[in-house]
S.K.: 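Got a structure for you, questions after.
Side chains included, hydrogens not; waters and symmetry mates left out as well; all remaining heavy atoms used. Atoms within each ligand, like the ligands themselves, are counted from 1 in listed order.
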Amino acid sequence: MSVAHPESKSLEILRRVFGYDAFRPLQQQVIDRVAAGRNALVLMPTGGGKSLCYQVPALIHEGVGIVVSPLIALMHDQVRALRQLGVEAAYINSSLSMADARDAEQAMVDGRLKLVYVAPERLVTPRFLDLLSRTNVALFAIDEAHCVSQWGHDFRPEYQQLAFLADRFPDVPRIALTATADQRTRLDILDNLGLARDDLFIGGFDRPNIRYTVVAKNNGRKQLLDFIKREHYGDSGIVYCMSRNGVERTAEYLADAGLNAMPYHAGLDASVRNETQRRFLHEEGLVIVATIAFGMGIDKPDVRFVAHLDVPRSIEAYYQETGRAGRDGLPADAWMTYGYADAIKLRQLMQRSEANEQQKRLEHLKLNDLLGYCETTRCRRQVLLAYFGDDHEPCNNCDTCLHPVESFDGTVAAQKALSCVYRTGQVYGAGYLADVLLGTSDDRIERQGHDQLSTFGIGTEFKRPQWLSVFRQLVAAGHLAVDLDHGSLRLTQEAAPVLKGDEKVNFRKDPKPAKSQRTGSSDKAKTQLTDPQHLELFDALREKRRSLAREHDLPPYMIFHDATLIEMARHRPTTEEMLANINGVGRRKLEKFGPAFLEVLNAASPNQSS
Ligand code: ADP
Ligand code: ZN
């Protein structure tokens, strides 16, 4: 194969080292640019394939690629995966002994490494800069580049010091990468890293293999359990909760129900957290219930679902968290239960935080966008992508597309609800108000004399859950505000036009919980295979992978992804040449693991050969 052109050179590396056939759309452009010595800021969704954008140019070029990464776990993961591919890679961070760090540094200076991962605070030390001045640096890659911006949701001051790279190493290309950056964050990154406007490459934000679902919360944990049992029994997944307490109780609940579930939050001992994370990577079918402390820095490609038991703070945060599902491109779920009590709790937290008023205001606005997403009757994907500035057709892979939500003219219902709030003195929560509307006579209502109100019993056209849904939607739409301490509702300015009849209101009808038609195994990877012979072979391949993973102390996916095993089961390669043609089988893995898998493939009862 000719390797004269950088283009064919990059393709050759993609095939030989990574075992993939073709670049994804933006990868080739970025790689060409960086390989030609120019800079880039790459915006691609999680799982979009950002790593190759700097790994391939580093392999094309002489010299060492320096990768700035904020998290030790992420560095370890990447380096291990690269070594499996036969790439000389190392990290230099505080987890190394002094002697090991010195060895790695020397290897870097000597040019014996192709990729070196460091934390930003180490990179900027005089000592490390001195090492770099003696190293042939191929490129700087700045991962999680949104950390540079105060506007972004994960600001890290040490990232701002990276500005000096442009001055100090003017001839070394810089490539910044992130999965989340709204307009303003993008500009911050460009400015701070000395990049130009035309260095920006924006990949589509869409993650077509993720199915988005939001359900109204009534018994969150039970709904979650039903969802997992119905759709993801035996799959790896992450469940996010807002509080540590919520994490503990949910993990216990799932474990009691027979799932392999474990808690993870910042209150647990570091050693416990590390062990949990290690198990999540190494085992199949583990469910981690976590606060948001979990997941950043985890590149596990076969996370089949991400569930939110409480609402996240913003669409950006939600998109990043859900993006951890299905990096391998196979079907995955982003599932959330939403009730407005969550939103209240979240607003309380925001209100009590140390942030200044302007920042708080911004946080509330971001939460409003998220609530709008929860209540939408449109395609969820359309709403998400519109938030990032992308247009999209209805996707047919979200709950509102698959089970269109009915909406109804709720003007009269809204008027009843709002005037009930008003007449009871704007000091009650939704449950009480619903009872008044329904004309439920209980002690509390009678004691207050609310059974004498004109709004008592005027809402019998709905059942209680529907009224709760009405109140929830009035809060989400801003007609009602919630007292953060008591959960009581009061009217906002926006309520007046509705009460006067000047404004119409539309509500969504909360759909009944979906009953799945699927029966038998709900292992999502398997649903890719329909032929029973393929399925059987897939199981055998997985079993082989499991034992190899144990033997080499590797996460199974670092041997081969599910997608690769699925392709093997379908095409049943029987020689090394055939196996090399399977997506995800590079040269090094072919040498190392090929024979073991060929044994399984050849032992499988052969089809009547053609
Ligand atoms: P990101 O860093 O953008 O979240 P990764 O770089 O981890 O994404 O890539 C996500 C997954 O997609 C990885 O498992 C990677 O091996 C795979 N991948 C990346 N590029 C390609 C490609 N051109 N063909 C096939 N798989 C790819
Ligand atoms: Zn849709």
S.K.: Does the side chain of N581 reach to within under 4.5 Å of the side chain of M578, using non-hydrogen atoms?
M.R.: no
S.K.: Within 45° of the six-membered ring axis of Y20 and under 6.0 Å from that ring's centre, is NZ or CZ of R15 located there?
M.R.: no
S.K.: Rounded to the nearest 0.5 Å, what separates atom CG in L281 from atom CE in M558?
M.R.: 7.0 Å
S.K.: When rounded to the nearest 0.5 angstrom, what distance separates OH in Y373 from CD1 in I315?
M.R.: 8.0 Å
S.K.: Do you know how many protein N, O or S atoms are within a distance smaller than 2.8 Å of the Zn ion (ligand 2)?
M.R.: 4
S.K.: Mark yes when over 12 heavy atoms from residues, nucleotides or ligands other than K592 sit less than 6.0 Å from its NZ; otherwise mark no.
M.R.: yes
S.K.: Could you tell me whether D510 and R508 make a salt bridge, using a distance below 4.0 angstrom between a side-chain N and a carboxylate O?
M.R.: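 Result for this pair is yes, salt bridge flagged.
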S.K.: Carefully, step by step, assess E284 and R545 under the rule salt bridge (charged side-chain N to carboxylate O under 4.0 Å, His left out).
M.R.: CA-CA 11 Å; E284 291 162 350; R545 181 176 68 177; 3.1 Å; yes
S.K.: Could you name the protein residues that come within less than 4.0 Å of ligand 1, counting only heavy atoms, and order them by chain and residue number?
M.R.: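 The answer is Y20, A22, F23, R24, Q27, P45, T46, G47, G48, G49, K50, S51, L52, R327, H561, counting any residue whose heavy atom sits under 4.0 Å from ligand 1.
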S.K.: Angle class for the F560/F593 ring planes (parallel below 30°, perpendicular above 60°, tilted otherwise)?
M.R.: perpendicular
S.K.: According to the interplanar angle, ranging from 0 to 90°, do the rings of F294 and F280 count as parallel (below 30°), tilted (30 to 60°) or perpendicular (above 60°)?
M.R.: perpendicular
